[in-house]
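As structure tokens, the structure follows; a few thoughts come after it.
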Amino acid sequence: MNFSQDTFFNHLAQTSPYPYLISIDRAEGIYLYSPDGRRYTDLISGIGVSNVGHRHPHVVKAIKEQVDKHLHVMVYGEFIQSASNRLAEKLASLLPPSLSCCYFVNSGTEANEGALKLAKRYTERTEIVSFRKSYHGSTHGSLSVSGNEIKKQKFRPLLPDVRFIDFNVEKDLGQITQRTACVIVETIQGDAGVRIPSRAYMKALRKRCTEVGALLILDEIQCGMGRTGTLFAFEQFKIVPDILTIAKAFGGGLPIGCFISSKEIMSSFTTDPILGHITTFGGNPVCCASSLATLEVIEKENLLASVEAKGRLFESLLQHKHIKEVRRIGLLFAIDFDSAERVNSIVNHAKELGVICYWFLSHPYSFRIAPPLTITEDEIRESCEVILKAIDKSST
Ligand SMILES: Cc1ncc(COP(=O)(O)O)c(C=O)c1O
């Protein structure tokens, strides 16, 4: 075993000067264990990934069975493989008929890259409309359509012809026009600190896109896969996107993303030019097997049915004079405080007490809670006690 901090700091690229820095030996359900036997409750699901818990036995079994058959055999799109066929069929059975054609990729950001390219190719337009405070990923295209200016400045030039409008503000929808190839939007803005749009707004957005012939891309990379209480968040708004992007929890702990559209739209990648989007590892059979097993767990264990009640229980227990606001949909929470310093202090105290909550990328006044959907009521009570203790101990 090598849990050396020197190796971690010197031989692994650092994404910030202050990594969370706990060592992980193994994980099970909602718990992570360090080599010294310390147990941590994972209240963030590895940032929106472990919706069915860590190493769910059904997922692990499916991975092992696939490993015993074959690993990678060919780049995406050439060979017929049972794992990707079965996953695509399953998704088609769970989605509206217009979302019947999947393109499997490796990550959330790649799913968005594919979706943006597809929209430009299909509409033969160039403008992309996105939203202030959004987050869509860290590669050039996804970064270009993300709202956080500080994160973008040093990487310009980025994609041209991107227009930003305000989220959940109907009067801005007029800026979506016949020049617009697509609108990309998180159904629930995650890293902006859980911003939930009104149903009327989402319907108006859908209507405007249809009126001007712009494709609507819903990014459900963070809010999909049951997190909000329905398998996909858009179901709650009674709209259907032209392209849906998913990743994170979709893989059940292995890396896979997907953009999904109609067969007609997706076909524009097939010719002129051929190979409109290609990827070596997209649709990796082990990831597809893990993904299918994850969907099966959500279904068989009826996980969606208890999401709302569990969310309400958290909300009822998290009462403290320092909490300014709680924004919640399903089991996705932003808990707001008066200062970023207090949030830091709470997250760090919670860590010392063995509970992992975490920051948002673009909203320093909140921390997030997004536990595995498998969390039990007792585990919620225990976790909330610890969080309240961490808030008591916090300073500004
Ligand atoms: C809404 C949303 N879109 C896209 C991404 C990017 O996904 P990935 O980190 O897999 O590239 C994220 C990641 O946090 C996200 O929250």
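We count ligands from 1, going down the list as the structure has it; atoms in each ligand are counted the same way.
In terms of protein heavy-atom proximity, atom 11 (O) of ligand 1 is closest to T109 N, 2.8 Å. Protein heavy atom closest to atom 14 (O) of ligand 1, with residue, atom name and distance, is K248 CE, 3.1 Å. Looking at atom 3 (N) of ligand 1, its nearest protein heavy atom turns out to be D219 OD2, 2.7 Å. For atom 15 (C) of ligand 1, the nearest protein heavy atom (residue, atom name, distance) is Y135 CD2, 3.8 Å.
At a 4.0 Å heavy-atom cut-off, ligand 1 does not touch E110 at all. The part of D191 lying near ligand 1 is the side chain, judged by heavy-atom distances below 4.0 Å. When non-hydrogen atoms are compared, ligand 1 lies under 4.0 Å from the side chain of N112 (C-beta onward) but not from its backbone.
Considering backbone and side-chain atoms together, Q222 places an N or O closer than 3.5 Å to an N or O of ligand 1. Between G108 and ligand 1, an N or O atom pair is found at a separation short of 3.5 Å.
The atoms of ligand 1 that sit less than 4.0 Å from any heavy atom of E186 are 1 (C).
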Residues Y76, Y103; criterion ring pair (Phe, Tyr, Trp, His ring centres under 6.0 Å); working and verdict:
CA-CA 9 Å; Y76 179 87; Y103 196 127; 4.1 Å; yes
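Checked against the 6.0 Å centroid criterion, the rings of F155 and H140 do not qualify as a close aromatic pair.
Atoms CG and CD, from L331 and E308 in turn, are 8.5 Å apart once rounded to the nearest 0.5 Å.
Minimum heavy-atom separation, Y40 to K351: CE2-O, 3.6 Å.
The salt bridge (charged side-chain N to carboxylate O under 4.0 Å, His left out) check on D392 picks up nothing, with sequence neighbours excluded.
With hydrogens and angles ignored, the 3.5 Å screen pairs no side-chain donor or acceptor of N112 with any backbone N or O of T245.
Under a 4.0 Å N-O distance rule, the pair E325/R327 qualifies as a salt bridge.
Protein non-hydrogen atoms do not reach within 4.0 Å of atom 9 (O) of ligand 1.
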